[in-house]
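Here the structure comes first, spelled out in structure tokens, and everything after it is commentary.
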Amino acid sequence: MAKICLVLSSMEEIPLIKQIKNPDLIELRLDLLHISAEEIPELMKISNHWMISIREKLIDNPNAEKLILNSLSQHPNYLDIDENCLKKALIKNILPNLSPTIKRIYSYHNFEFTPEIAFLEQKIENLFHSGADIVKIACLGTKKEDICTIKKLNEKFPKLIAFLMGENFIQTRYEALLKGEKISYACVHERYKIAQGQPTYQKMKDYLELNTNKHE
């Protein structure tokens, strides 16, 4: 089943997110939110479906451990860890005690270009070997051939979230709802977009409603 993941990066977004009836998933960007660890349990009451994302900027926060542990105590569905964080001592200490009900997403981001498919295939294999339940690949699109690369990856790996960043490659974000793990990311409103080409929740929902029946 396809899931639209709403990215929560600012406390200002919460009133708008509350207006959406039963969102599939909300991504808690602890690296971007200005929130204390003590506020997290109350915040997470707005939904029963969460993805906690860990990025390098968060690891540098002196309160990182408390923020992460308080988030995990609320029983999220997913924990997304950027590959650059996997070897950090904090993460190595947390992972052995992670609840088996929380799916691990290990993610690779390239904000400059899309590498060759052989490199990405090996990257995906390595991340699965490291313990990922799901792998996420998000690269900046710079040429048309990059679209084919992402399509081939989504066809080869069923437990993959893969798309291109960039305004000219937004279609790959929509198509991520129909291939692989069938999760893609949206902002609640354009003013809260945090990545190039990230569509709004409403646009993604409209696309999904138009295309779901064709792929069932």
Side-chain angles (χ1 to χ4, degrees), residues 1-9 23-33 35 37 40-41 43-44 47-61 63-111 115 119-139 150 153-163 165 173 176-186 194-195 198:
M1 180 180 171
K3 294 177 182 176
I4 301 172
C5 184
L6 271 168
V7 179
L8 176 55
S9 60
D24 301 326
L25 199 56
I26 302 176
E27 180 186 29
L28 189 60
R29 287 296 301 265
L30 292 172
D31 57 315
L32 300 177
L33 277 173
I35 188 172
I40 286 175
L43 167 64
M44 292 181 68
S47 174
N48 293 320
H49 307 288
W50 287 93
M51 177 189 295
I52 309 302
S53 291
I54 298 176
R55 303 291 182 258
E56 284 191 279
K57 181 181 176 183
L58 172 62
I59 301 296
D60 296 333
N61 186 327
N63 296 314
E65 183 174 11
K66 220 172 188 183
L67 287 163
I68 295 170
L69 291 178
N70 278 22
S71 301
L72 295 177
S73 72
Q74 303 307 302
H75 312 292
N77 306 77
Y78 303 91
L79 175 63
D80 175 355
I81 306 174
D82 185 272
E83 67 158 355
N84 293 325
C85 298
L86 288 171
K87 293 183 179 180
K88 302 287 186 180
L90 172 59
I91 303 306
K92 290 171 79 172
N93 289 336
I94 287 173
L95 285 179
N97 301 311
L98 188 67
S99 168
T101 63
I102 301 174
K103 291 186 178 180
R104 303 181 187 202
I105 302 173
Y106 293 169
S107 53
Y108 167 78
H109 301 84
N110 191 316
F111 299 99
F119 172 89
L120 291 173
E121 286 175 336
Q122 188 61 58
K123 177 70 67 178
I124 293 166
E125 296 283 5
N126 290 345
L127 290 173
F128 277 125
H129 185 71
S130 298
D133 298 303
I134 301 163
V135 171
K136 175 187 172 186
I137 300 290
C139 300
I150 292 299
L153 292 176
N154 274 322
E155 288 168 0
K156 182 173 181 179
F157 298 97
K159 291 295 182 180
L160 180 69
I161 303 168
F163 56 85
M165 295 177 279
R173 290 180 176 270
L177 288 168
L178 308 174
K179 299 285 186 179
E181 186 61 21
K182 298 183 179 178
I183 294 176
S184 198
Y185 301 78
I194 63 168
Q198 189 178 78

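Along the sequence shown, the residues carry numbers beginning at 1.
Heavy-atom minimum distance, P115 versus Y108: CG-OH, 3.5 Å. When all heavy atoms are compared, the tightest approach of I150 to A162 is CG2-O, 3.6 Å. Scanning all heavy atoms of the two residues, the minimum distance from R29 to S9 falls at CB-CA, 4.4 Å. The two atoms that bring I54 and L79 nearest to each other are CD1-CD1, 3.7 Å, heavy atoms only. Taking both residues in full, the closest heavy atoms of A132 and F128 are given as O-CD2, 3.4 Å, listed atom of the first, atom of the second, then distance. Minimum interatomic distance between L43 and L33 (heavy atoms only, all atoms of both residues): CD2-CD1, 4.4 Å.
H49 has its side chain out of reach of I26: every pair of non-hydrogen atoms, C-beta onward, lies at least 4.5 Å apart. Residues P76 and I102 meet the side-chain proximity criterion, which asks for heavy atoms closer than 4.5 Å. Taking 4.5 Å as the limit, some side-chain heavy atom of I40 sits within range of a side-chain heavy atom of L30.
In this structure, S184 contributes its side chain and L177 its backbone to no donor-acceptor pair below 3.5 Å. Side chain of R104 to backbone of L98: no donor-acceptor contact under 3.5 angstrom is found.
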Pair R173, M165 - check side chain to side chain contact (heavy atoms under 4.5 Å, CB included), show working. CA-CA 8 Å; R173 290 180 176 270; M165 295 177 279; 3.6 Å; yes
Take I52 and I68 through the test side chain to side chain contact (heavy atoms under 4.5 Å, CB included) and record every step on the way to the result. CA-CA 8 Å; I52 309 302; I68 295 170; 5.6 Å; no
Worked check of side-chain hydrogen bond (donor to acceptor under 3.5 Å, both in side chains) between Q74 and N70: CA-CA 7 Å; Q74 303 307 302; N70 278 22; over 6 Å; no
Only distances under 3.5 Å count here; give the side-chain donor-acceptor pairs of residues 83-91 to other protein atoms, sequence neighbours excluded, each with its distance to 0.1 Å.
| unit_1 | atom_1 | unit_2 | atom_2 | d |
| --- | --- | --- | --- | --- |
| E83 | OE1 | K123 | NZ | 3.1 |
| E83 | OE2 | K123 | NZ | 3.3 |
| N84 | ND2 | D82 | OD1 | 3.3 |

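In this structure, the separation between CD on E121 and CG on L153 is 6.0 Å, given to the nearest 0.5 Å. Atom CG of N77 sits about 8.0 Å away from atom OG of S47, to the nearest 0.5 Å. To the nearest 0.5 Å, atom CZ of residue F119 and atom CD1 of residue I124 are 10.5 Å apart. Atoms CG and CG, on L28 and L6 in that order, are 12.5 Å from each other to the nearest 0.5 Å. Interatomic distance, M51 CE to I134 CD1, rounded to the nearest 0.5 Å: 7.0 Å. Considering CD1 of I81 and OG of S53, their distance stands at 9.5 Å, rounded to 0.5 Å.
In summary, the side chains of D80 and Y78 do not present any donor paired with an acceptor at a separation below 3.5 Å, with no hydrogens or angles considered.
Both tests pass for K136 against the ring of Y185: distance under 6.0 Å to the centre and angle within 45° of the axis.
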